[in-house]
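Proteins get letters first, then strands, A, B, ... in listed order; numbering begins at 1 in each.
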Amino acid sequence: MGQISLMSIFQNYTNGKKIFKDKDILTIKFTPNNIPHREKQIEQIALILAPVLRNEKPSNIFIYGKTGTGKSLCTNHVIEKLMETAKQNNGTAENIKTIYINCKMRKVSDTEYRLLSQLIYNFGEEVPYTGLPTDRLYQKFYQLLDAKEQNVILVLDEIDALVSKIGDGILYNLTRINQELKKSKLTIIGISNNISFIDNIDPRVRSSLSEEEVIFPPYNANELKDILKERVSLAFYPETVPDSVIAKCAALAAQEHGDARKALDLLRVAGEIAERRGFSVITEEHVDEAESRLDTDKTIEIIKTQPKHSKAVFLAILNQYRNGLKNIQTGDIFDQYAQICKKNGLKQLTQRRVSDLISELDMIGLVNAKVISKGRYGRTREINLNLSNKLIEKIEDLLSKEFVL
DNA sequence: TGTCCACTGGAAGGGAGGGCTT
DNA sequence: AAGCCCTCCCTTCCAGTGGACA
């Protein structure tokens, strides 16, 4: 690219009409003051947590709802307000501690040990990242917790991911710790994307964890519109976002189980595209582009972060798919995977393990795998891909840098 | 009606990478 | 340094299974 065109890019950028006033408003980090259509849930949570202000222990809460229905947002909002009130309330705040942990964070809090070390870290102590017996960590956590009189509120976000991975033992222990505490009190707020999750855990844990339940239904298109409008006025300059664009973002996100995060992402990316092209107003086409880019980016990012063998398995699926196969079976994939390993000098894993890797790929949504029975011809998983051709090309591009094809 | 396929998914255990205690 | 413990990723072994087919 020559000097001239570079110049013109920068010129365009500085001269072009600005669209964003404050882009951060459209990210998850931002907590709006007003959360439309969640008044009921907020009130519910607030009522449940209010006893903290009188130094009593609130009930544990179980919160369900799909992604982007405002679970974390509302919880944080209530806790923030709670702390504010406590501060005004002559120093009860000192006795309240809140901890927020996202259980899904890979390599951070997705096992019992790592979650505990996170909890301990939140009390300002550090623990080696491997090596100690788990009960030692429990002990330490217990000591830190009970070191002084305090009311601890522990938010475990995406708790279903943790439990499906390592079982409910940790929840049992955490709820039991509470009964042994002498000075302090521990309240657990579990947040789950999966509604049926609570049915599959130990009944003792269930009853203690879901003393109170709060449900976050998906937003419909109209509610999403309200949410977007609320933020548009803060994030964008006036008259840069037509109503039709808001409606489109809302409609697209409503199709996807009413996900507000998606709606906001669409708007943000559409804005970025418009701004980069020197438009002063966002158009519906920009939203379309934003959608396909969001999908692509998400998928690519997930694939990039997979371990080598998962990538190899995914590549095997992709190859089979490219060969025109639909409803690919575990066996086919394993054969293909074995070839890939051979060509690339990888030590191949067993079919048992590959079977688990396929389930993992299914869990993170890269493939669709269903266990079916073909009668005489056995029982297997049927694996399907639903990715656009364009995306498949990009993925192949990415993987060809890592594998001999 | 029973058989039997091609796996699934549970269980147990090993070894690599690590830390603790003595 | 020895001995013991952990987690994580993986292997080995195997019982279990839904439904097409004889």
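- Residue A:Thr330 places at least one side-chain N or O closer than 4.0 Å to OP1 or OP2 of B:dT8.
- Following rounding to the nearest Å, A:Leu137 (CG) and C:dC5 (P) show an atom-to-atom distance of 16 Å.
- Among the protein residues, A:Glu382 comes within range of no part of the nucleic acid, since none of its heavy atoms lies under 4.0 Å from any strand.
- A:Tyr337 and A:Val354 make their closest contact through CE2-CG2, 3.6 Å (heavy atoms, listed as atom of the first residue, atom of the second, distance).
- A sub-4.0 Å separation between OP1 or OP2 of C:dG19 and a side-chain N or O of A:Ser373 is absent.
- The separation between A:Asp332 atom CG and B:dC7 atom C1' is 12 Å, rounded to whole Å.
- Among the nucleotides B:dG10, C:dC10, B:dA6, the one closest to the side chain of A:Arg352 is B:dG10.
- The shortest distance between the side-chain N/O atoms of A:Gln329 and the OP1/OP2 oxygens of B:dA6 is not below 4.0 Å.
- Taking atom CZ on A:Arg381 and atom C1' on C:dT17, their separation rounds to 14 Å, with Å as the unit.
- The distance from atom CG of A:Leu357 to atom C1' of C:dC9 is 10 Å, rounded to the nearest whole Å.
- Following rounding to the nearest Å, A:Arg379 (CZ) and B:dT3 (C1') show an atom-to-atom distance of 17 Å.
- Exactly one residue among A:Arg261, A:His257, A:Glu256, A:Glu158 makes a side chain to side chain donor-acceptor pair (under 3.5 Å) with A:Thr67. That residue is A:His257.
- The shortest heavy-atom contact between A:Ser233 and A:Lys21 is O-NZ, 3.2 Å.
- Spacing between atom CG of A:Asp362 and atom C1' of B:dG9 amounts to 15 Å, rounded to whole angstrom units.
- Counting non-hydrogen atoms under 4.0 angstrom, A:Thr350 reaches a base of the nucleic acid.
- A donor-acceptor pair shorter than 3.5 Å cannot be found between the side chains of A:Gln320 and A:Asp332.
- Under a cut-off of 6.0 angstrom, the local environment of NZ in A:Lys66 is sparse, with at most 12 non-hydrogen atoms contributed by other residues, nucleotides or ligands.
- Spacing between atom CZ of A:Arg114 and atom P of B:dG18 amounts to 13 Å, rounded to whole angstrom units.
- Candidate nucleotides B:dG9, C:dC10, C:dG19 were compared by shortest atom distance to the side chain of A:Val371, and B:dG9 ranks first.
- The CG-P distance, from A:Asp356 to C:dT12, rounds to 14 Å in whole Å.
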